[in-house]
Asker: 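Following this message is one structure expressed as structure tokens.
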Amino acid sequence: MEKSIEIFDVIVIGAGIMGSCTAYQTSKRNQKTLLLEQFDFLHHLGSSHGESRTIRATYPEDYYPKMVLKSETLWRDAEEQIGYKVYFKTPQLDIGPSNNKALKAVISSCNKNSIPVRVIDRNTMFQEFDDLIQLPDNWIGVVTEYGGVIKPTKAVSMFQTLAIKNGAFLKDNMEVVDIKKDSLTGGVLVMAKNGEKFSGKKCVVTVGPWMNKLVRNITGIVIPIQPLETTVVYWKIKKGYESKFTIGNGFPTFASYGEPYIYGTPSLEYPGLIKIPIHGGRPCEPTDRMWEPTQSLDPLKKWIQEKFGDLVDSTRPVVTQSCMYSVTPDEDFVIDFLGGEFGDDVVVGGGFSGHGFKMGPIVGKILSDLVIDGETKDVELMHFRIKRFEKNSKGNLKNFDDQVSSAH
């Protein structure tokens, strides 16, 4: 006789930040939870590893700031439970031409969401940030208090640890190849490549750049999520100026609007180095990575030279790291029921488009609510539904340019 299969209330597939936060939330609500990961836990093959991620509430879209603010509270709650820090607060600075549509939308979005915002000119900028950042005459700076750096690998580990403390079961090196309706239980049957089967009343799929392939294999539905390989680069700060670019000195997390969209974090993980990458990358499958810079660094070198002068060596980066984005046509998330024969039993969370990590805790809560209650009160899901791509292949309409640049 075939041995009986253990039945879980919720099976979460994919143990990056979104899956780990979801497993934490479902187990917190006394759901018997299983978290499955196809590689080793805390691997470097997806989108949830590395040394730093930005947290910011400055978005052109006015539906993200509320999610960031809720997430910030959840980051603090988790830190309090675990007893160590993963989130290091500092101001957020957004810069760009004063007529840039996206930057103007950021200011409007902050006002709509009651986020205190200051718009400053180049002279105020120079004084306020220790004579470190130089702006062209027609550029402005947008300063908010909701900035900071999150330590990603440490953060994923934190939520996995808290999930275990709540009674969750975790299994890695368990690649899921199929999900079927379980005719015996009425729930779902999750099948791994090694032949193991897991039965769950409900299932959440958070597999990052593998989302499109897995969902297509299961249902035939194509969710337009394009994996991109992106490159994170660190640059050397001029000797004697290292401490000026730190959180302790009030140096901000920052983003520069225009082409290309550039972002950065204060010097933290590597003393004497500052992270300044381009927000973009090369379309590829997760199994087809180059593990080297995917775009020309010349525009980035020029930007560093113009904004930081000789305070940051722009001749070449001293550290490069590879990471993955999962990009939708509108750069908005996909958070929805899979539907079809699965109805409300399978929920998907993906397409976080290189800006989702900061919102991991609130996304985990939303996915948990959907799978347990069938609804969430934390966010209006209209912007994140799968069906938006049926009405318009580009998804949600935006009146500003894309921010993720793609090197074909």
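What you are looking at is a predicted structure, and each value in this text was computed from that prediction instead of being measured.
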Asker: Would you please test I278 and W303 for side chain to side chain contact (heavy atoms under 4.5 Å, CB included) and show each step?
Answerer: CA-CA 10 Å; I278 291 174; W303 185 93; over 6 Å; no
Asker: Flag the pair Y325 / H279 as yes when their ring centroid distance falls below 6.0 Å, and as no otherwise.
Answerer: yes
Asker: With no hydrogens and no angle check, just 3.5 Å: does a side-chain donor-acceptor pair link T253 and R56?
Answerer: no
Asker: For Y257 together with W139, are the ring centres under 6.0 Å from each other?
Answerer: no
Asker: For residues 183-193, which residue pairs pass the side-chain hydrogen bond (donor to acceptor under 3.5 Å, both in side chains) check, not counting sequence neighbours?
Answerer: D182-T185
Asker: Would you call the rings of F251 and F308 parallel, tilted or perpendicular, taking 30° and 60° as the class edges?
Answerer: tilted
Asker: Give me the atom names and distance for the closest heavy-atom approach of D378 to D369.
Answerer: OD2-OD2, 3.5 Å
Asker: Ring centroids only, cut at 6.0 angstrom: are F333 and H355 within range, meaning strictly under it?
Answerer: yes
Asker: Can you give each donor-acceptor pair under 3.5 Å made by side-chain atoms of residues 143-158, sequence neighbours left out, with the distance rounded to 0.1 Å?
Answerer:
unit_1	atom_1	unit_2	atom_2	d
T153	OG1	G50	N	3.0
T153	OG1	G50	O	3.3
K154	NZ	K85	O	2.8

Asker: Write down the atom of Q321, the atom of Y270, and the distance for their closest heavy-atom approach.
Answerer: NE2-OH, 3.0 Å
Asker: Could you check E79, R53, E72 and say which one makes a side-chain hydrogen bond (donor to acceptor under 3.5 Å, both in side chains) with Y87?
Answerer: E72
Asker: Side chains of F357 and M18: closer than 4.5 Å at any heavy-atom pair?
Answerer: no
